[in-house]
Each structure stands twice: as structure tokens, then as C-alpha cells.
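Heads up: the structure comes next, in C-alpha cells.
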Amino acid sequence: MDTVEKIVEDFASDIAMSPFSSGTRLRDMIRAIRACKTAAEERAVVRRECAAIRAAISENEPELRHRNMAKLMFIHMLGYPTHFGQMECLKLIAAAGFPEKRVGYLGLMLLLDERQEVLMLVTNSLKQDLNHSNQFIVGLALCALGNICSAEMARDLAPEVERLMRSREVNTKKKAALCSIRIVRKVPDLAENFMALATSLLKEKHHGVLISVIQLCTELCKANKDALEYLRKNCIEGLVRILRDVSNSSYAPEYDVAGISDPFLHIRVLKLMRILGQGDADCSEYMNDILAQVATKTESNKNAGNAILYECVQTIMGIEATSGLRVLAINILGRFLLNRDNNIRYVALNMLMRAITVDAQAVQRHRTTILECVKDADASIRKRALELVFLLVNDTNVKPLTKELVDYLDVADPDYKGDLTARICSIVEKFSQEKLWYLDQMFKVLSLAGNHVKDDVWHALIVVLSNASELQGYSVRSLYRALQAYGEQGSLVRVAVWCIGEYGEMLVNNVGMLEGEEPITVTESNAVDAAEVALNRYSADVTTRAMCLVALLKLSSRFPSTSERIKQIVAHNKENIALELQQRSIEFSSIMQRHQSIRSSLLERMPVLDEASYLVKRAATTQATISSEKPAPAVTPGGLKLPNGVAKPTAAPLADLLDLNSDVAPATTAASTTTAPSFFLQDLLGIGGTNSSMAGVPSSASTDILMDLLSIGSSPSQSGPLAPNFSPPGQAETKPVPAIPEAIDLLGSLSSSSSLSAETKPVPAIPQAMDLLDGLSSATSVSGLNNTAHPSITAFQSATLKITFDFKKQPGNPRETTIHATFTNLTSSTLTDFIFQAAVPKFVQLRLDPASGNTVPASGNGSVTQGLNVTNNQHGQKPLAMRIRMSYKVNGEDGLEQGQVSNFPSGL
């Protein structure tokens with residue numbers, strides 16, 4: 001504000017020198033406004049002055065017009081309305097003298113804009129002043145036109161501006177070039193009128209004219225492709241000459257900035273070169289030598305020199321430069337990283353993130369310096385450096401880079417650990433080639449920053465652990481050691497407790513010792529102690545305590561000698577204030593005390609989790625759509641690839657598979673209350689808060705598969721899967737599960753990757769005295785059901801493909817059916833890249849086994865088979881329904897077929 005007031009006071013001084021006014025009143029008004037103590041006093045002063053100005057306007061006193069306009073501009077700067085003085089601007093502009101025009105044009109630029117209709121009245125005055133003999137009046141008109149020019153004014157006055165660009169006066173040419181920038185922006189069609197003029201003005205010696213013309217050329221390139229091509233042919237030589245002259249020029253006081261000759265002209269020329277050289281090999285080749293000269297000769301010990309070097313690097317990276325020149329540019333950025341100035345290091349990191357896509361190998365040479373920036377005191381530099389390190393990681397350097405980041409994690413600021421932990425976990429998951437290395441790094445991260453690890457990360461770790469049978473003993477021992485030292489890390493406690501519950505006997509007996517691993521002495525009581533300590537320590541964390549209860553329940557079966565102690569621990573939580581824990585304690589106590597006959601079956605080790613299905617579902621929860629149309633094999637943290645049947649398609653084929661536009665609904669039984677097609681689609685898609693069971697396509701549900709598996713945080717009526725003996729999708733159980741009456745659904749009669757269906761009614765609270773398992777007596781033996789034969793069906797047939805389904809019921813579980821699908825090619829051409837996908841309603845769970853092959857031979861030469869495991873949770877109430885989709889290639893061309901299976905035999 002002081003600067004603005006000084007400008008107005010300068011005008012006041014000019015007015016004071018004018019014979020028409022004394023200028024004292026303006027100073028008096030400014031002094032009175034500054035002396036106001038409150039906003040109300042200021043408003044009163046402004047109202048009084050505005051009233052006086054209105055009176056002077058109505059009396060049409062030309063000798064007061066200068067002063068009144070200066071006062072109005074100051075009032076406008078304070079934010080008060082001044083529209084009533086707009087016409088006074090036009091009167092001052094129409095005056096003959098320079099002082100009047102100066103104040104009038106300044107008022108015009110401040111009080112009006114191009115949207116004001118009053119502006120149309122000033123076009124004629126501007127045209128007259130542009131043709132005035134006084135160069136200073138011409139400059140005022142050009143300055144005003146360059147600030148408030150509308151499209152109509154641009155068309156009317158463009159010829160005058162073109163003429164003035166040929167003027168002999170240096171200041172007039174400079175202002176005309178700046179004014180033409182506004183004209184080109186408002187009317188891009190006029191760009192062709194200025195192309196030749198701009199090219200000719202590049203031969204000027206005056207730096208002010210050169211900067212203005214170069215800016216005009218930049219605007220012309222943006223406005224018109226023809227102008228861009230014209231300037232590429234006619235301007236490159238001139239720009240190279242300008243840059244060479246200004247780089248090699250001797251000391252000139254008027255252009256010197258910290259020992260650098262006119263850095264502003266340097267930067268303008270380099271920016272224009274970047275626009276002209278982008279995508280043009282010939283222009284780029286012509287620039288290479290001068291860019292190399294600027295990059296090597298410019299001093300970097302001054303900020304002005306660093307600005308030129310940074311712009312030079314941007315230009316080199318933006319054009320089709322040679323590889324040697326790009327390496328030189330990246331080395332300049334490497335020197336920037338060693339600078340003490342935070343701003344220079346920050347812009348260098350930003351530029352390196354763009355340069356890595358151009359020449360990753362050259363950026364890799366500065367990896368050590370970049371890693372030091374990760375430890376910088378400035379938070380913005382740390383964050384940007386961490387993003388750059390993430391881009392630098394590849395298969396060859398992942399181990400040393402990860403080690404550096406993990407080592408720094410131990411001493412990093414708490415506020416920074418969240419971002420650092422997320423990046424490390426992402427790197428380890430993406431680039432790990434060995435499961436042992438992956439597990440070691442994840443254990444370190446959990447130990448050092450377990451409270452910052454997100455849920456999906458430790459869920460994925462548990463899935464990998466369940467699949468790494470040869471490393472389960474090593475893992476449980478490593479986690480037990482870490483738990484003793486870092487028991488305050490929440491995610492570490494959850495993973496460790498889960499492993500102790502599953503593989504406790506491996507911990508106690510030192511099973512699966514690796515070469516070079518030291519044995520550990522852990523008793524059965526020690527294992528129970530670890531779970532009990534975690535249960536008591538995390539009193540406010542329902543998730544951790546629930547997992548501890550499950551682990552204790554499993555240990556009671558693994559270690560019979562600790563059974564009584566575990567009964568007491570579990571019973572202690574029967575009156576827990578958290579309903580989730582209270583219910584589980586009651587259920588688990590009942591299992592241990594009254595139902596010994598089913599306890600061993602319920603508490604078997606968790607079946608191997610389907611790693612591929614989990615990764616597909618995890619990707620679906622974090623990415624709304626998957627870009628690749630052709631399913632690509634996804635590498636898991638342990639190096640495993642997704643099998644056929646669980647590849648990742650796009651979101652669009654999923655919609656096609658479900659046939660969202662179809663009006664045909666499958667036949668339903670009388671027990672089903674849903675008949676409209678829209679309701680069937682809701683069942684199929686799982687709308688209403690439950691997951692749809694889909695194989696071969698990612699689920700759109702947001703619920704994590706492992707959270708479903710553990711059933712943590714759900715309502716009390718969904719607490720079942722904490723008794724984890726039920727197989728997840730994608731894996732068969734190690735032992736048959738006995739048929740259990742509906743009374744124990746609270747223990748998890750649903751499979752581990754599904755949530756309760758929308759039709760499931762909430763289970764009311766049950767008094768503690770009532771046995772939740774009263775449907776079975778403690779001596780009841782569980783018997784299986786005999787196999788039931790079902791006829792084969794033709795599920796799908798077209799001119800190309802025939803699919804038949806054979807059925808087999810699982811003993812002891814009427815809900816579960818194994819389907820053997822046979823795919824037969826009916827044509828004489830081989831079908832390659834064959835993928836079968838299926839979708840079922842939410843009350844059905846589906847698992848696809850890997851197919852016997854992905855090539856279906858020609859007719860008569862064989863077929864491809866694939867297994868499907870289907871669990872109908874509404875068995876006897878709703879029939880099976882399935883939509884299928886087959887994609888393949890025939891002679892190099894993509895083929896796609898889909899259909900609906902509605903002829904399943906009854907009883908499935």
C-alpha cells in the first residue's frame with residue numbers, strides 16, 4: 001500500500017506543479033484517512049470526499065479534474081466504489097496536455113476493465129493518441145491499450161500498433177511490442193500480422209526491445225501453429241545470435257546483475273528456444289552448441305547464474321537434445337542438490353523427477369546425493385526427495401536403496417514416518433524377488449514404524465506368510481523376537497499374534513530352521529504370555545484384542561497344557577464393555593468347555609490364503625478402474641503370478657459380463673422375494689453393503705478380504721470368521737469341515753472372504769447363561785452327507801465354443817458344489833490366450849481353480865478343463881445363477897463371448 005500511495009503522491013506532486021491545481025487537498029485526504037482510528041471514521045472521511053468530488057463533477061470544474069481523479073484512484077485502492085467518476089477519465093484523456101492525459105489513462109486502467117461498456121467511448125481517443133506527435137503521449141496510449149484492450153478494440157487498433165512497431169523510437173517499439181501481446185491473446189487470428197515484424201525486431205540491439213519481442217514471439221507460438229512453424233524457420237538463427245552476444249558481452253553497467261550480463265534476456269531467449277525446439281530435431285540440433293556454452297560458462301555462485309542454469313536445463317530437457325547434453329544438464333541439477341539454498345535444491349529435485357523419464361541412468365549417478373536430501377531438515381525437500389527415490393528404484397538397486405531408507409526410518413521425525421513407511425512398503429512389495437527378503441524388510445518396517453503401517457499392508461503380509469510354508473517357522477520366530485523388543489508397534493503386534501496363533505508349535509519346537517538361523521528357546525507358556533500381554537496392553541484397540549483372543553483359542557488346541565489358563569483369560573473378557581469382545585469370549589468359552597468334539601476341527605490351522613485373489617481384490621479397492629484391457633500376469637511380493645481365471649480385466653468388461661443393460665433375469669424359486677431384473681442385478685453386484693463373489697474379475701467392494709477373514713470391526717452379528725477354520729476362496733481345506741447347525745453361525749459359517757448377505761437377519765443379544773452352541777451337545781458327533789449325483793449340463797454353446805458342467809457335492813456340506821467345466825472348440829482354428837471368467841450373486845461364493853491350459857485346440861483335438869468351487873449360502877432358498885465370459889484370440893484377432901447359465905440342476 002505504501003508503494004501505491006507513493007505513486008498517487010507522485011501524481012499529486014505533478015498536479016501541484018500544474019497551474020490548474022495546488023495538490024494540497026490530495027495530501028490532506030491521505031493524511032486524514034491515515035489518522036482514522038476505526039473503520040467507521042475512515043468511511044466517514046471517504047463519504048465526505050466522495051460527496052465533494054460528485055459536487056465538483058456536477059459543476060464541471062476542469063481545473064479540479066486532475067486532483068479529483070487522483071483522489072478517486074486512491075479511494076478505489078482502498079476498496080470503495082468509484083464508478084461515478086468513470087466519465088471524468090474520458091474527459092481527461094480527451095484533454096490536450098500530457099499531465100491531464102497521464103492521470104486520465106492511469107484512472108482508465110485502474111477504474112475500468114474490458115467488460116465496461118464505457119470503454120467503447122475511448123477507442124477514438126486512443127486512436128488519436130496513437131498517432132500523436134509526442135512520443136510520451138503515444139506511450140501512454142500503448143500502455144493503456146495493452147492493459148484493458150478488448151477484442152473489438154484489438155481489431156480496430158491493430159493496424160496502428162503494427163505501424164508503431166516500425167517506429168524509430170526505442171521506447172515506442174518496446175511498448176508497441178508489449179501491446180501486441182495483448183492483441184494476439186484477445187484475437188489469435190491477428191497473429192499472422194505480427195510474425196514478420198517480430199522476426200525483424202530480433203535484430204535490434206536494445207535489450208528492452210529484445211525482451212518485449214521475444215515475449216511476443218512466445219505468445220505467437222502459443223496462439224497459432226502456423227506462427228510456430230514460421231518462427232522455427234526464421235527465428236532460430238537470431239535467437240542463437242542474441243544468446244551468444246549476451247553471453248560473451250563485456251561488462252555493461254545498465255545490464256549487469258551480480259556479474260551476469262542481463263539474466264532476464266538470457267531466460268526469455270531460453271524459454272522461447274524450448275518452445276521452438278520441442279519435437280523438432282533440426283531446430284534442436286542448431287541450438288545444441290549454444291546451450292552447451294551457456295551451461296558450461298555460466299557461473300553458479302550467484303543466484304542470477306543459477307536462474308540461467310536452471311532455465312538452460314529445462315530447455316535441454318524440453319528439446320530433442322543429444323544424450324551428452326542431457327547428461328550435462330542432469331549434472332548441473334546434481335550440483336544444485338549440494339547448494340545450501342533450500343529453494344535451489346527443491347527446484348533441482350522437481351526437475352530431476354521430470355528428467356528421470358528422459359535419462360534415468362544419468363539421474364542414477366546422483367542417487368547418493370538424493371538419498372541425503374531424504375534426510376534434509378526441510379519437510380518439503382524431504383517429501384520431494386522421497387518421491388524421486390521411489391522413481392529411481394529398479395530391480396538392480398532395490399536392496400541398497402531399501403536398506404538406506406529402512407536405516408533412516410529408525411531416526412526419522414514422527415511426522416515424517418508415515419510417508420516414509422508407505423514408500424518403503426510400496427517399494428518392497430513392488431520389487432521384491434525373494435520372499436525371504438520381502439519378509440525381512442517388512443518385519444523391520446513393522447518393528448520400527450508399525451504404528452504407521454496401513455492395514456492393507458499388513459493384511460498382504462499375512463497372505464504372503466500363509467503361502468510361504470517353508471518360511472513360516474522362521475517368520476514366527478522373527479516376529480516373536482521383534483514383539484519382545486517393539487511391543488508398542490500396533491501392526492507388528494497384530495501380525496505377530498496371528499502367527500503365534502497359527503504356527504505356535506513351530507515357535508516352541510524350532511521347526512523349519514534356516515541355514516545360519518540361531519535357535520530360540522520358547523515354552524508353551526511363553527507363547528501364551530505373548531498373546532496375553534498384547535491382549536492387556538491394547539485395551540482400547542478392539543481389532544488387536546480380538547486377534548489376541550483368536551490366537552489364545554487356537555493355542556488352547558495346540559498346547560493342551562495351557563488350556564485351563566487360556567480358559568480363565570478368555571472368561572475374563574465375558575463382561576468386556578466392547579460387545580465384539582464380549583460375544584467372542586462367550587463363544588470361545590463355550591467351545592473350550594462344552595464342545596470338545598468340534599473344537600479340533602474348528603481350530604485347525606488356517607487354510608492357505610489365495611494370494612492371487614487377494615491381490616486382485618486389493619487392487620480393486622485402491623483403483624476405481626484398471627487400465628489394461630488384456631489381462632496381464634501380476635507379480636506378487638513373493639514372485640508368484642496370477643493364475644488363469646484371476647487375471648485383471650478392465651472395469652468395462654465387468655459391466656459387460658454382468659450385462660447391466662439386460663432385462664432378462666434368471667428364474668427364481670418361490671422362496672425368493674426378488675423377481676425384478678434390477679433386484680437380481682443388485683444381488684449379483686452385491687449392492688447394499690455386501691460383497692459379490694466374483695472370480696476372474698476384481699471385486700468392486702471396498703471391504704478388505706483379510707478384514708472379512710478376521711471379521712474385525714463388524715457388527716456383533718458378523719463375528720463368525722474369528723474361529724478361522726473355514727476356507728477362503730481359491731483354496732481347499734486341509735480337512736473336511738463338519739456340518740454345523742445354523743445355531744453356530746456366529747462362529748463363521750460363511751467362508752472367510754465373504755461378508756454376511758443382505759438377507760441375513762441381525763442376531764439379537766443372547767444372555768451369557770444361554771449357550772450359543774446349544775444346537776450341539778458336547779458329545780454330539782458330526783456326520784457327513786453322502787455324495788449326491790447331478791446330471792451334466794451344457795452351460796453354453798455357440799458356433800465357436802461349447803461349455804459343459806459336471807457336478808460333484810462335497811461330503812458333509814450340502815451348500816458346497818464342485819463344478820468341472822470342459823471347454824470344447826467347435827471350429828477348425830485353435831483358440832489362444834483363452835480366459836474364462838464368471839460372476840455370481842452375493843449369496844454365492846465362487847472360486848476358480850487354474851485352467852488346464854490357455855489354448856483350446858481345434859475341433860476333435862482335445863479340450864481345456866477348469867474347476868469351479870461354488871458355495872450357495874442360501875441353499876434350499878435360492879437357486880444358483882451365473883454369468884460367464886470367455887475371451888480368446890483366433891488367428892491373431894480378439895474374440896469375446898458371454899452368456900448366462902440358468903439351467904443348473906435343482907438342489908445346488
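Note that CG of L239 and CD1 of I290 are 11.0 Å apart. Values are rounded to the nearest 0.5 Å. To the nearest 0.5 Å, the span separating NE2 on H366 from SG on C373 amounts to 12.0 Å. With rounding to the nearest 0.5 Å, the separation of CD in E404 from NZ in K399 is 15.5 Å. Once rounded to the nearest 0.5 Å, the distance linking CG of L270 with OG1 of T315 reads 4.5 Å. To the nearest 0.5 Å, atom CD1 of residue I332 and atom CG of residue L309 are 5.0 Å apart. Q293 contributes atom CD, which lies 8.5 Å from atom OG1 of T298 (distance to the nearest 0.5 angstrom).
By the side chain to side chain donor-acceptor pair (under 3.5 Å) test, D378 pairs with S380, sequence neighbours left out. For T369, there are no side chain to side chain donor-acceptor pair (under 3.5 Å) partners, not counting sequence neighbours. Applying the side chain to side chain contact (heavy atoms under 4.5 Å, CB included) rule to R477 yields the partners Y474, R481, L507, N510, M513, E517, I520; only residues at least two apart in sequence or on another chain are considered. In terms of the salt bridge (charged side-chain N to carboxylate O under 4.0 Å, His left out) criterion, residue partners of E387 (sequence neighbours excluded) are, by chain and number, R384. Considering only residues two or more places apart in sequence or on other chains, H452 meets the side chain to side chain donor-acceptor pair (under 3.5 Å) condition with none of them. The side chain to side chain contact (heavy atoms under 4.5 Å, CB included) test applied to I211 returns D262, F264, L265, R268, not counting sequence neighbours. Applying the side chain to side chain contact (heavy atoms under 4.5 Å, CB included) test to A304 and every residue at least two apart in sequence or in another chain returns V257, I260, P263. Scanning for side chain to side chain contact (heavy atoms under 4.5 Å, CB included) contacts around T296 gives L328, with sequence neighbours left out. By the side chain to side chain donor-acceptor pair (under 3.5 Å) test, K375 pairs with no residue at all, sequence neighbours left out.
Among all heavy-atom pairs drawn from V493 and G487, the shortest one is CG2-O, 3.3 Å. Taking every heavy atom of both residues into account, D456 and Y614 meet most closely at O-OH, 3.2 Å. In terms of heavy-atom proximity, A355 sits nearest to M317 at CB-CE, 3.9 Å. Pairing each heavy atom of C312 with each of V294, the nearest pair is SG-CG1, 4.2 Å. Between A530 and L483, the shortest heavy-atom distance links the atoms CB-CD2, 4.0 Å. Considering all non-hydrogen atoms of both residues, A534 and V497 come closest at CB-CG2, 4.0 Å.
The local environment of CD in E488 is crowded, with over 12 non-hydrogen atoms from other residues, nucleotides or ligands closer than 6.0 Å. The number of heavy atoms from other shown groups lying within 6.0 Å of CD (Q278) does not exceed 12. Atom CD of E470 has more than 12 neighbouring heavy atoms from other residues, nucleotides or ligands inside a 6.0 Å radius. Under a cut-off of 6.0 angstrom, the local environment of CD in Q484 is crowded, with over 12 non-hydrogen atoms contributed by other residues, nucleotides or ligands.
Within the 4.5 Å cutoff, side-chain heavy atoms of L405 are placed close to those of L371. Contact of the M287 side chain with the L276 side chain is registered, since non-hydrogen atoms from C-beta on lie closer than 4.5 Å. Considering only heavy atoms from C-beta on, D610 stays 4.5 Å or farther from V463 through its side chain. Counting heavy atoms from C-beta on, the side chains of R354 and Q314 come closer than 4.5 Å. The side-chain heavy atoms of Y310 and S300, taken from C-beta on, include no pair separated by under 4.5 Å. For the pair R326 and V358, the minimum side-chain heavy-atom distance is below 4.5 Å. Residues Q441 and I424 fail the side-chain proximity criterion, which asks for heavy atoms closer than 4.5 Å. The shortest side-chain heavy-atom distance between W498 and C548 does not fall under the 4.5 Å cut-off.
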Residues 388-396 side chain polar contacts: donor-acceptor under 3.5 Å, at least two apart:
residue, atom, partner, partner atom, Å
N394, OD1, T396, N, 3.0
N394, OD1, T396, OG1, 2.6
N394, OD1, N397, N, 3.0
N394, OD1, N397, ND2, 3.4

Give every donor-acceptor pair under 3.5 Å between a side-chain atom in residues 406-421 and any protein atom, sequence neighbours left out.
residue, atom, partner, partner atom, Å
D407, OD2, K403, NZ, 3.0
Y416, OH, R382, O, 3.3
T421, OG1, K417, O, 2.6

What pairs of donor and acceptor atoms, side-chain ones from residues 335-344 against any protein atom, are under 3.5 angstrom apart with sequence neighbours left out?
residue, atom, partner, partner atom, Å
N339, OD1, D341, N, 2.9
D341, OD1, N343, N, 2.8
D341, OD1, I344, N, 3.1
N342, OD1, R345, NH2, 2.2

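Between the side chain of S284 and the main chain of A321, no donor-acceptor pair closer than 3.5 Å is present. Although no hydrogens or angles enter the test, the distance criterion places no donor-acceptor pair under 3.5 Å between the side chain of S447 and the main chain of Y486. The backbone N or O of M606 sits less than 3.5 Å from a side-chain atom of E502, completing a donor-acceptor pair. Between the Q472 side chain and the L465 main chain, a donor and an acceptor come within less than 3.5 Å of each other. Between the side chain of Q489 and the backbone N or O of N451 there is at least one donor-acceptor pair closer than 3.5 Å. Remark: side-chain polar atoms of N467 are paired, donor with acceptor, to backbone N or O of L609 under 3.5 angstrom. The closest donor-acceptor contact from the side chain of N536 to the backbone of E532 lies under 3.5 Å.
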Apply side-chain contact (heavy atoms from CB on, under 4.5 Å) to residues M442 and V457 and explain how you reach the verdict. CA-CA 9 Å; M442 292 305 299; V457 174; 3.3 Å; yes
Let's go through S426 and R423 carefully: what are the C-alpha distance in whole Å and the side-chain angles of both, what is the deciding distance for side-chain contact (heavy atoms from CB on, under 4.5 Å) to 0.1 Å, and is it a yes or a no? CA-CA 5 Å; S426 180; R423 290 293 185 183; 5.7 Å; no
Run L514 and L436 through side-chain contact (heavy atoms from CB on, under 4.5 Å) and show every step you take. CA-CA 10 Å; L514 300 183; L436 180 59; 4.0 Å; yes
Test V363 against I370 for side-chain contact (heavy atoms from CB on, under 4.5 Å), laying out the working first. CA-CA 9 Å; V363 180; I370 296 169; 4.3 Å; yes
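Side-chain polar atoms of S247 and H266 form a donor-acceptor pair below 3.5 angstrom.
Ionic pairing of E311 and R274 is present here: one or more N-O contacts between side-chain nitrogen and carboxylate oxygen are shorter than 4.0 angstrom.
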